[in-house]
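Take a look at the structure set out below.
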Amino acid sequence: VIVCDGEDAATRALAESSQTNFPTRWIFHRDNMGLAAARNSGANAAVGEFLLFLDDDVAPDPNLLTEHDAAHASGEEWPHSGVCGRIVEERQAPLRSNTDEFMQKAWERSLEEALPSDGSPDHSSIGGEAERSAWFGLNCSIRKSLFDRFGGFDPMMRSDEEMEFGQRLYRSGILTRYAPKAVVRHLGSKDMSVYYPRCWRLSGRLDVHRALECGERSAQISQLGDASRAGLTGIATKNLELV
C-alpha cells in the first residue's frame, strides 16, 4: 500500500504507469496531512496480518520481509510484540558545509549505536534512558490488530510521531524485538544544518501537545515537568522552540 500525502502529478503518473509482480494499492490524500496520517491511511487500507512501515527515501534489502517474519515468530510472546529492523545510512548528495558533515557523522554514529550491525543493543547499559529513546516507525513491523488496538500514530504529530507511538507501546509493556538482518538503506540527501533545526523547533511545539493535550508524562518530555500547573506554559513553549 503506497500513500501519497497530497496530490502530486508526477506521483499520480507513476501510479498509473507502474507495473509490479505483486498487488499494489495507491492512496492519494487531497492535502498534505503529515507522515503520521499517511501511515494511518496505509494501515487502515492494509488487509494483511502484519504491517511494515517504509519511507520513500529508503531501499529495502531483498530479504527484508523474511527477516521480519522470522523475528516475529522467534518468541512465545510474538503475537503481542513488534519488530525493529536496522537502518543503514547511504548518503546520496554531497555535504555542503563542515556543519553538515559533523551532523551527518553524528547521525550515522547514533544509528550504529542504536541499531548495531551485529547483535542487539545493550539495553542493560541504557537503564533509565530506555524510555527516553523508545520509538517505532521506519522499518518496524507490528501485527495489524495490535496497531489498531493502540489507535495508530497520533495525526497531530507532524514530527516525532515515531517517538510518541513507540512511547505508548513501551509504557504498555509491548516488547520490540531487534532484527539486525532486516535492513533498509536510507538514501539521505537533505541539508542537515537546515533539516535538524526545523525538526527541533517543531519537536518543541509537539512536546507541549504531548504533555498538555495528551496528558503524557514520560522521560521523553520530562523537561516540561508540571509547567501547566506552575503557570509556566508560555515560557516552556518558548524555550523548547529555541532549542
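Throughout, numbering of the chain's residues begins at 1 and tracks the sequence.
Side-chain atoms of Y178 come within 3.5 Å of backbone atoms of L115 as a donor-acceptor pair (strictly under, hydrogens ignored). A distance-only check finds no donor-acceptor pair linking the side chain of D160 to the backbone of M163 [under 3.5 Å]. T20 contributes a side-chain N or O that, together with a main-chain N or O of F22, makes up a donor-acceptor pair within less than 3.5 Å. Judged by distance alone, the side chain of R177 and the main-chain N or O of G82 form no donor-acceptor pair under 3.5 Å. Under the 3.5 Å distance criterion, the side-chain polar atoms of R185 are left unmatched by any main-chain donor or acceptor of V88. Counting only distance, with no hydrogens or angles, the side chain of R143 and the backbone of S145 share no donor-acceptor pair below 3.5 Å. Proximity of a side-chain donor or acceptor of D61 to a complementary backbone N or O of A182 within less than 3.5 Å is not detected.
Considering NE2 of H186 and CD of E108, their distance stands at 11.0 Å, rounded to 0.5 Å. Separating the CD atom in Q167 from the CD atom in E162 is a distance of 14.0 Å, to the nearest 0.5 Å. The structure places CG of L212 at 9.5 Å from SG of C214, a figure rounded to the nearest 0.5 Å. Of the inter-residue distances, the one linking K190 atom NZ with D100 atom CG reads 12.5 Å to the nearest 0.5 angstrom. In this structure, the separation between CE on M103 and OG on S97 is 9.0 Å, given to the nearest 0.5 Å. Rounding to the nearest 0.5 Å gives a distance of 4.5 Å between OG of S141 and NE2 of H68.
Under a 4.0 Å N-O distance rule, the pair E67/K181 does not qualify as a salt bridge. Between D148 and K144 there is a salt bridge, with a side-chain nitrogen of the basic residue lying less than 4.0 Å from a carboxylate oxygen of the acidic one. Salt bridge E101/K105: present, at least one basic N to carboxylate O contact under 4.0 Å. Ion pairing between R12 and E7 holds under the 4.0 Å rule for side-chain N and carboxylate O.
Both Y195 and W107 belong to a common hydrophobic cluster when Ile, Leu, Val, Met, Phe, Trp and Tyr are linked at side-chain heavy-atom distances under 4.5 angstrom. A continuous path of Ile, Leu, Val, Met, Phe, Trp and Tyr side chains, each step under 4.5 Å between heavy atoms, connects M192 with L138, placing both in one hydrophobic cluster. Under the 4.5 Å side-chain heavy-atom criterion for ILVMFWY residues, no single connected hydrophobic cluster contains both V184 and V1. Follow the hydrophobic side-chain contacts under 4.5 Å out from L65 and you reach L54 in the same cluster. Clustering ILVMFWY residues whenever any of their side-chain heavy atoms sit less than 4.5 angstrom apart, transitively, puts I221 in a cluster other than the one holding M156.
Between T11 and W26 there is a side-chain heavy-atom pair separated by less than 4.5 Å. Residues V58 and L187 are not in side-chain contact: their nearest non-hydrogen atoms beyond the backbone lie 4.5 Å or more apart. With contacts defined as side-chain heavy-atom distances shorter than 4.5 Å, the pair N40/F147 qualifies. No side-chain heavy atom of L52 sits less than 4.5 Å from a side-chain heavy atom of C140. At least one side-chain heavy atom of C84 sits under 4.5 Å from a side-chain heavy atom of W135. Between E89 and Q104 the shortest side-chain heavy-atom distance falls below 4.5 Å.
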query: Does the pair E112 and R86 meet the rule for a salt bridge (Lys or Arg N to Asp or Glu O under 4.0 Å), with working shown?
result: CA-CA 9 Å; E112 182 56 35; R86 184 171 172 235; 3.4 Å; yes
message: Between R171 and S218, is the side chain to side chain donor-acceptor pair (under 3.5 Å) condition met? List the steps.
response: CA-CA 9 Å; R171 300 186 94 191; S218 71; 4.9 Å; no
field: Criterion side chain to side chain donor-acceptor pair (under 3.5 Å) on E164 and Q220, from CA distance to verdict
entry: CA-CA 9 Å; E164 191 278 331; Q220 287 185 358; over 6 Å; no
- request: Decide yes or no on side chain to side chain contact (heavy atoms under 4.5 Å, CB included) for I142 and V83, but give the supporting numbers first.
  value: CA-CA 7 Å; I142 189 171; V83 170; over 6 Å; no
task: Show the numbers, then the answer: is there a side chain to side chain contact (heavy atoms under 4.5 Å, CB included) between L169 and L175?
output: CA-CA 8 Å; L169 295 176; L175 302 175; over 6 Å; no
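Partners of D5 under the side chain to side chain donor-acceptor pair (under 3.5 Å) rule, at least two apart in sequence or in another chain, are H29, N32. In this view, F28 satisfies the ring pair (Phe, Tyr, Trp, His ring centres under 6.0 Å) rule with no residue, not counting sequence neighbours. In this structure R96 satisfies the salt bridge (Lys or Arg N to Asp or Glu O under 4.0 Å) test together with D191, sequence neighbours excluded. By the side chain to side chain donor-acceptor pair (under 3.5 Å) test, D55 is found to be paired with R39, residues two or more places apart in sequence or in another chain being considered. Partners of D154 by side chain to side chain donor-acceptor pair (under 3.5 Å), not counting sequence neighbours, listed by chain and number: H209. With sequence neighbours left out, the side chain to side chain donor-acceptor pair (under 3.5 Å) criterion links D56 to no other residue.
For the residue pair P94 and R91, the shortest heavy atom distance occurs at O-NH2, 3.8 Å. Smallest separation of non-hydrogen atoms from I27 and S41: CD1-O, 3.8 Å.
Residue-environment remark: CZ (F150) exceeds the threshold of 12 foreign heavy atoms within 6.0 Å.
Separation of the H72 and F50 ring centroids falls under the 6.0 Å cut-off. A distance of 6.0 Å or more separates the ring centres of F165 and F53.
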